[in-house]
Asker: 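Have a look at the structure that comes next, please.
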Amino acid sequence: MDVQESIRRQIAEHPVLLYMKGTPQFPQCGFSALAVEALHRNLGDAKDRLHTVNVLEDPDVRQGIKEFSDWPTIPQLYIKGEFIGGADIIKQLHEDGELAKKLADVAA
């Protein structure tokens with residue numbers, strides 16, 4: 001299976017999917033750490049519904065997700081198949097209360 005097809009399948013299978021550097025327990029960049037923190041705060045007890053992909057484990061995925069979304073940076077967040085954006089957008093949505101709204105039915 002090619003990288004683009006693998007990415008499409010991951011996004012379809014996981015309601016909350018974050019492509020990041022590192023893992024939620026050990027983020028490898030500040031932007032990924034910020035994204036995980038915002039998601040955990042908004043998911044609350046449902047934070048186990050957050051699925052992550054460590055792009056540092058596979059250079060093909062690291063490049064492939066940038067091409068898939070036409071977005072140049074990591075992390076990248078997908079909620080229910082929709083590309084949300086990167087760390088700055090996640091932070092803004094969290095501060096505005098919009099991230100909680102987007103995650104409401106996932107976290108329920």
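Predicted model, so just to flag it, every value in this text is computed and none were measured.
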Asker: Are Leu77 and Val16 close enough that some pair of their side-chain heavy atoms sits under 4.5 Å apart?
Answerer: yes
Asker: Side chains of residues 101-108: which donor-acceptor pairs under 3.5 Å do they make with residues two or more places apart or in other chains?
Answerer:
{"unit_1": "Lys101", "atom_1": "NZ", "unit_2": "Glu98", "atom_2": "OE2", "d": "3.2"}
{"unit_1": "Asp105", "atom_1": "OD1", "unit_2": "Lys80", "atom_2": "NZ", "d": "3.0"}
{"unit_1": "Asp105", "atom_1": "OD2", "unit_2": "Lys80", "atom_2": "NZ", "d": "3.3"}

Asker: If the condition is salt bridge (Lys or Arg N to Asp or Glu O under 4.0 Å), which residues does Glu82 pass it with, not counting sequence neighbours?
Answerer: none
Asker: Taking only residues at least two apart or on different chains, which pairs with a member in residues 60-70 satisfy side-chain hydrogen bond (donor to acceptor under 3.5 Å, both in side chains)?
Answerer: Gln63-Glu67, Ser69-Gln76
Asker: Is there a path of hydrophobic side-chain contacts, each under 4.5 Å between heavy atoms of I, L, V, M, F, W or Y residues, that connects Tyr19 with Leu43?
Answerer: yes
Asker: What are the two closest non-hydrogen atoms of Pro24 and Thr52, and how far apart are they?
Answerer: CD-OG1, 3.5 Å
Asker: If you look at every heavy atom in Pro75 and Leu18, which pair is closest and at what distance?
Answerer: CB-CD1, 3.8 Å
Asker: Any pair with a residue in residues 43-71 that passes ring-ring contact (aromatic ring centres under 6.0 Å, His included), sequence neighbours left out, goes on the list, sorted by first then second residue, please.
Answerer: His14-His51, Trp71-Phe83
Asker: Could you measure the distance from the CD1 atom of Ile79 to the CG atom of Leu99? Nearest 0.5 Å is fine.
Answerer: 5.5 Å
Asker: Which distance, rounded to the nearest 0.5 Å, do you find between the CG of Leu56 and the OG1 of Thr23?
Answerer: 10.0 Å
Asker: Please report the shortest heavy-atom distance between Gly64 and Ile7, naming the atom on each side.
Answerer: C-CD1, 3.5 Å
Asker: Distance-only criterion, 3.5 Å: show the donor-acceptor pairs between side-chain atoms of residues 28-39 and protein atoms not counting sequence neighbours.
Answerer:
{"unit_1": "Gln28", "atom_1": "NE2", "unit_2": "Phe26", "atom_2": "O", "d": "3.1"}
{"unit_1": "Ser32", "atom_1": "OG", "unit_2": "Lys21", "atom_2": "N", "d": "3.0"}
{"unit_1": "Glu37", "atom_1": "OE2", "unit_2": "Arg41", "atom_2": "NE", "d": "2.6"}
{"unit_1": "Glu37", "atom_1": "OE2", "unit_2": "Arg41", "atom_2": "NH2", "d": "3.3"}

Asker: Kindly write out the residues that satisfy side chain to side chain contact (heavy atoms under 4.5 Å, CB included) with Gln92, not counting sequence neighbours, or none if the list is empty.
Answerer: Glu95, Asp96
Asker: Can you find a heavy atom in the side chain of Met20 that is under 4.5 Å from one in the side chain of Pro27?
Answerer: yes
Asker: Using the test side chain to side chain donor-acceptor pair (under 3.5 Å), find all partners of Arg8 that sit at least two apart in sequence or belong to another chain.
Answerer: Glu5
